[in-house]
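First the structure, in the form of structure tokens, and then the observations on it.
Counting starts at 1 for both ligands and their atoms, in listed order.
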Amino acid sequence: MTTDRLMALDLLVAVLTAAAWTGAGAAAAARRPRVAAALLAAAIVLSAARAGSVIALAGAGWWFVQEKVVFGLPLLVAGTLVAGVLAAPRLLAAVRGGAAEAAGAPAVVVPLLGTGYAAAAGPVQTFLLGYPATWSTGLVLTAVVAGAVLVTWRAVSGRVPGLRTASAAVALAGVAGVVLGVLPLGGGAAAVSGHDPGDPGDTGGMSGMSGMSGMSAMGDMSAMGHARHQDRMRSVTELRGPDTPDQGGAVRRFTLTARTATVTLSSGRRVSAWTFDGRVPGPPITAVQGDLVEVRLRNADISAGVTLHWHGYDVPSGEDGVPGLTQEAVMPGQEFVYRFRAEQAGTFWYHTHEVSDLGVRMGLYGTLVVTPRAAAPAGLDLTLPVHTFAGATVAGDHDRPIEQTVAAGTAVRLRLIDTDNDPHRFTLAGTPYRLVAVDGADLHEPGVLTRSALRLAAGGRYDLAFTMPAGGSVVLRVDDRTVALTLSSGAAATGQSPGADGASWPELDLTRYGTPAPTPFTARTPADRRFTLVLDRGLSLAGGRPLYAYTVNGDAFPDIPPQTVAEGDLVRFTVVNRGSDTHPWHLHGHRVLVLSRNGRAPTGSPLWLDTFDVRPGEVWEVAFRADNPGLWMNHCHNLGHADQGMVLHLAYEGVGTPFHGAHGG
Ligand code: C2O
Ligand code: CU
């Protein structure tokens, strides 16, 4: 069974267990001994099943069961034992003796209901607080369960020996838990039990970074005085791009003006958007490898402010366009000039990084395509950023299929970009093709594909290549419903469908596509730094706003400790998705090599990605060389999730920022 199914099953069993115990207690209180006994039997069986489902889930990794093993199960087992000793014999006697009144005794009702509360505390912990369980949250929840038991006892018997003392003790435990959780250096920050036990060198999680929580420490360069390279402390604002191209390269100058506008889509439909130069997407930026790209960003009237981030392009940190970290947001009337050399060839995109969830959704994005200097692309080269505007799937600015006539034999390259917050499923019908590049990196010996579906992560890019066939048409569909593009070779009538609609086609597994090739490091190369990122949801007060946040290791931005690396380090990330949402993980300034997904190493082409989709229950291992000094965002590219906390920073030692803004993105 897959991990996400196991997680769902475990949750179902947990809920049924709590319901059975509570139901048994309620039936006993209602003097229905037979019903109560039947429910008690079910509760005991379900409790055992719960232990089994947790053990099965543990096989996927400690991260998936930590709070269940250290908190939920012990509480459930304790309740089951107490109920078994106190309630079960009395209830059975009541059934046998036909003494309905006896079933309502406090010694029967209170343990049954109490175990129901204890059984419910587990899923409540999982849902509200997530990973990892801490002493603080454990104490608070235990106090809540104990308090509920006392209230029940009082209600059932009217006279509880030592009630005052017990209530005071419970309240004290609850307060202690809250205090532990609130104190910045208290035990609340420490997980009940260490993170991945197989990862002794792990510097992620909670340990070792308590002195540097959040951006406040990073925002103040003097606060990093204890950094090793104090004498060589650099500001991220010094890490700017060169102002000349490579030899033989050209200078490409662009000016983009951000402004609100009403945009007309290809169907004639008008949408009000936030735009660059009044267009959606913004003007395409193209260059040849080795060129110098210079983009002057002006803000006319986007009152939220705007920046340009070069998604997937490993520019110097000072050009990365992250407000509050590498620059201030560009406000109306202001401008900022970005410069970088076009060193990577491939398909990329740019977008605002200020209130990016809203800004990108409203249209502040465009494409960045760099072609190799050696081989100028021949034939048809189409860049198709796919975006959702008011419920419609739009490719470029087309909300109706793009129809084009292409001579048979023409080399065609389609550059697909997912600029949305969710993955898209693409199918190409009517021709065999190859998926030649992912996230701007060429694949090694990609095989021919037919009747395959390509799932593209939010923020990710796929380059498809084929030779235009004679006769018939080639159709690109998005999410099995929207036809985005129809290419016809002269003779055939446009709109002639190649038949299959692709809905049943299996999804291509990228980790098995293409053939292996040497990489500068492998899973066996010892890493200098290891970090584990456990993605989940939980209540948070980070940044002072109460939120059911998207969390990393139990924290939300700006409270997630930054990951510190030194230039030259080989850095390894383990990314674990404990939740039920997909998280397209995106590190700025570097592309990562996939080492494994769910414990299995790729058997196909090496995969160098800047955005990888971590689906529910998945565990990814990736690595990269820290060769681009600066301060970098490391976040979920579902920008709504990022806005709700799923953002942290990767900081190189010896680099600071003068900006104090705690913008999540
Ligand atoms: Cu495409 Cu931090 O973003
Ligand atoms: Cu996410």
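- Residues Tyr338 and Phe336 bring their aromatic ring centres within 6.0 Å.
- Rounded to 10°, the angle that NE2 of His351 and NE2 of His637 form at atom 1 (Cu) of ligand 1 is 110°.
- Among the backbone and side-chain atoms of His637, none of the N, O or S atoms lies under 2.8 Å from the Cu ion (ligand 2).
- Counting heavy atoms from C-beta outward, His649 and Gln563 have side chains that stay 4.5 Å or more apart.
- The closest approach of His583 to the Cu ion (ligand 2), by N/O/S atoms, is made by ND1.
- A salt bridge does not link Arg279 with Asp277: none of the charged nitrogens is closer than 4.0 Å to a carboxylate oxygen.
- Checked against the 6.0 Å centroid threshold, Trp349 and His586 do not count as a close aromatic pair.
- Between Asp480 and Arg425, at least one side-chain N (NZ, or NE/NH1/NH2) sits under 4.0 Å from a carboxylate O, which counts as a salt bridge.
- One finds a salt bridge joining Arg415 and Asp463 here, because a Lys/Arg side-chain nitrogen approaches an Asp/Glu carboxylate oxygen to under 4.0 Å.
- Metal site remark for atom 2 (Cu) of ligand 1: His586 contributes no N, O or S atom at a distance under 2.8 Å.
- Annotation: angle subtended at atom 2 (Cu) of ligand 1 by His588 NE2 and His353 NE2 is 100°, to 10°.
- Within the 2.8 Å limit, His309 places no N, O or S atom next to atom 2 (Cu) of ligand 1.
- In summary, His635 places an N/O/S atom under 2.8 Å from atom 2 (Cu) of ligand 1, meeting the contact criterion.
- For the Cu ion (ligand 2), the nearest N, O or S atom contributed by His641 is named ND1.
- Using a cutoff of 4.0 Å between basic side-chain nitrogens and carboxylate oxygens, Arg591 and Asp439 are not scored as salt-bridged.
- Atom ND1 is the N/O/S atom of His311 found closest to atom 1 (Cu) of ligand 1.
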